[in-house]
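Step one of this worksheet: look at the structure below.
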Amino acid sequence: MPSLKKHLEQQLQQRQQANLYRHRASHLEPQAVIRHIQGRSFISFCSNDYLGLANHPALVKTCQSGLEDYGLGAGAAHLLHGHSQAHEQLETALADFTGRERALLFSTGYMANLGIISALLDRQDAVILDKLDHASLIDGAILSRAQIYRYPHGNLEILERQLKTAAERSRFCLLVTDGVFSMDGTLAPLPEMVALAAKYQAWLMVDDAHGFGVLGDSGGGCLEHFALDTEQVPILMATLGKAAGVFGAFVAGSEVLIESLIQSARSYIYTTALPPALALATRQSLQLIQDETWRRQHLQQHIQHFRAGAKKLGLPLVDSLTPIQPVILGSSEQALAASKLLYEAGLLISAIRPPTVPKNSARLRITFSASHEAQQIDYLLSQLARL
Ligand SMILES: *Cc1c(COP(=O)(O)O)cnc(C)c1O
């Protein structure tokens, strides 16, 4: 048997040869559109800070005052006296904002998805996922031990067949989808999925990590965009580290759903509550999301501007009306090379490769923020034209 070290060295080498090696770059500055690396400045098109709230002065100030009131760490899990007034008030605000009876905070979106799916299902049940659903949803499904079905992205025909089979063979069936697909920017066909879920008595759960704050007139996300209610989508999950600009995640739904998750979602029970100062800042962020509608307007203008310019250049665009605008290139090698060329031109754009996206669909994942300026998008287009 090879030693652990030898085995890992070989694996890493293979990864490198396949252009799948991932690197981290560290920095010392706040999240912003302009970034500095080794004395050079770059325009970033790779953050999920869609509304430009991650370093909003009012939120930073609120966080600082939260540190004075609550100190730094929560010190314990929610059920073991880690639950503060700041957490409680944020949950109430999230329930109000989403128009649901209650909301429950999780420390991260990844943990929320693990906890929700595994708390609701067991071996007797089924869970149906879109092939492009986020890794955390897939892992939650695996953890639940339910029978897993996955349908090709957006394919309602196959979804219906799976719903039918699941209804015949399993006790309960949970249909789980990203609201906005994180690497494609496409929307799930939620109205059609609601109808199918109703027809086969499946429960529908939407992960709105990339729609929350961005879609809908008041930023309520894809459920506001499609005007869907709690009856139609009983389980709404979203994250607070993307458009909301802070950290954490929540699930919103009925009183019984939330009470059940408090009792049995293991990634809720057995983990430290997030720092109360962050919860305080997030509550204010929710207010900004609702009040500062200009942020969503700027964002939409940038998206339209980019799409019009990219169309003129003949770039292969994905049908996305969200701030996620991928340019699919194919091989990991091509995506890496393009990302590197753009880097040399002063643009930060991530190359996304398998297994994050399917084989042969490596891409540049371009994301926009309300904080971008029109000239920055013109510059991006001019550099994409050179590629
Ligand atoms: C980012 C993301 C998550 C995970 O959220 P974190 O709070 O970053 O752990 C879950 N689902 C989707 C669709 C995401 O994009």
Side-chain angles (χ1 to χ4, degrees), residues 22 24 31 46-51 53-54 87 90-91 94 98 103-118 127 129-144 150 153-154 174-188 190 193 204-215 221-223 225 233 235-252 261 265-268 271-275 278-279 281-282 285-286 289 318 320 322-326 350 352 355-358 363 365-369:
R22 302 164 192 247
R24 307 173 306 169
Q31 155 58 33
C46 57
S47 88
N48 299 320
D49 182 22
Y50 303 122
L51 298 180
L53 293 175
H87 295 119
L90 175 56
E91 289 182 343
L94 285 164
T98 56
L104 182 69
L105 274 177
F106 279 79
S107 294
T108 70
Y110 195 102
M111 290 168 65
N113 286 337
L114 290 190
I116 297 163
I117 301 174
S118 64
V127 54
L129 302 141
D130 186 296
K131 276 245 168 87
L132 296 188
D133 274 350
H134 191 262
S136 55
L137 294 170
I138 297 165
D139 293 355
I142 293 170
L143 193 61
S144 76
R150 295 177 75 192
H153 181 45
L174 179 68
L175 172 56
V176 181
T177 186
D178 283 27
V180 173
F181 287 85
S182 54
M183 297 300 137
D184 293 72
T186 47
L187 283 173
L190 288 180
M193 294 176 75
L204 184 54
M205 166 174 171
V206 172
D207 171 344
D208 203 19
H210 297 274
F212 186 73
V214 169
L215 297 175
C222 59
L223 299 197
H225 174 83
V233 182
I235 308 161
L236 167 64
M237 173 274 179
T239 64
L240 301 168
K242 287 166 181 154
V246 190
F247 191 72
F250 72 92
V251 54
L261 293 175
R266 291 162 68 90
S267 63
Y268 178 78
T271 201
T272 304
L274 59 82
L278 295 185
T282 307
S285 166
L286 272 192
I289 285 173
V318 168
S320 157
T322 69
I324 304 167
Q325 297 287 331
S350 312
I352 309 286
T356 308
V357 292
R363 65 196 65 188
R365 178 178 183 264
I366 300 171
T367 54
F368 294 101
S369 163

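One-based numbering, in listed order, for ligands and for the atoms of each. Just so you know, residue 1 is the first one in the sequence shown, and it goes up from there.
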L94 pairs by side chain to side chain contact (heavy atoms under 4.5 Å, CB included) with which of L104, L236, T282, L240? L240
Set of residues satisfying ring pair (Phe, Tyr, Trp, His ring centres under 6.0 Å) with respect to F181, sequence neighbours excluded: H153
Per-atom filter on ligand 1: closer than 4.0 angstrom to a heavy atom of H210 are 14 (C), 15 (O)
Only heavy atoms of D207, strictly under 4.0 Å: list the atoms of ligand 1 that pass. 10 (C), 11 (N), 12 (C), 13 (C)
If you count the atoms of ligand 1 from 1 in the order shown, which ones are under 4.0 Å from a heavy atom of D178? 13 (C)
Can you confirm whether V176 sits close enough to D207 that some side-chain heavy atom of one is under 4.5 Å from a side-chain heavy atom of the other? no
Per-residue contact class, A249 against ligand 1 - non-hydrogen pairs under 4.0 Å: neither
Looking only at heavy atoms, is any part of N48 under 4.0 Å from ligand 1, and if so is it the side chain, the backbone, or both, or is it neither? neither
For V318 versus P326, what's the shortest heavy-atom pair and its separation? CG2-CG, 3.6 Å
With no hydrogens and no angle check, is any side-chain donor or acceptor of D49 less than 3.5 Å from a backbone partner on A54? yes
Atom pair OG/CZ of S350 and R365 - distance to nearest 0.5 Å: 7.5 Å
What do you reckon, does S182 have a nitrogen or oxygen under 3.5 Å from a nitrogen or oxygen of ligand 1? no
With sequence neighbours excluded, tell me which residues meet ring pair (Phe, Tyr, Trp, His ring centres under 6.0 Å) with H134. none
Should you measure from each heavy atom of S136, which atoms of ligand 1 turn up under 4.0 Å away? 10 (C), 11 (N)
Tell me which one of H134, M237, M183 gets a heavy atom nearest to atom 3 (C) of ligand 1. H134
Counting distance only, does the side-chain N/O of S182 pair as donor-acceptor with the main-chain N or O of H210 below 3.5 Å? no
Is it the side chain, the backbone, both or neither of T239 that has a heavy atom closer than 4.0 Å to ligand 1? side chain
Can you name the atoms of ligand 1, numbered from 1 with element, that are less than 4.0 Å from a heavy atom of N113? 10 (C), 11 (N)
Thinking salt bridges, do R150 and D133 make one under a 4.0 Å N-O criterion? no
Nearest protein heavy atom with distance in Å, relative to atom 8 (O) of ligand 1: K242 NZ, 4.4 Å
Subset of ligand 1 atoms that lie under 4.0 Å from at least one heavy atom of Y110: 4 (C), 5 (O), 6 (P), 9 (O)
If we number the atoms of ligand 1 from 1 as shown, the ones under 4.0 Å from a heavy atom of G109 are 4 (C), 5 (O), 6 (P), 7 (O), 9 (O)
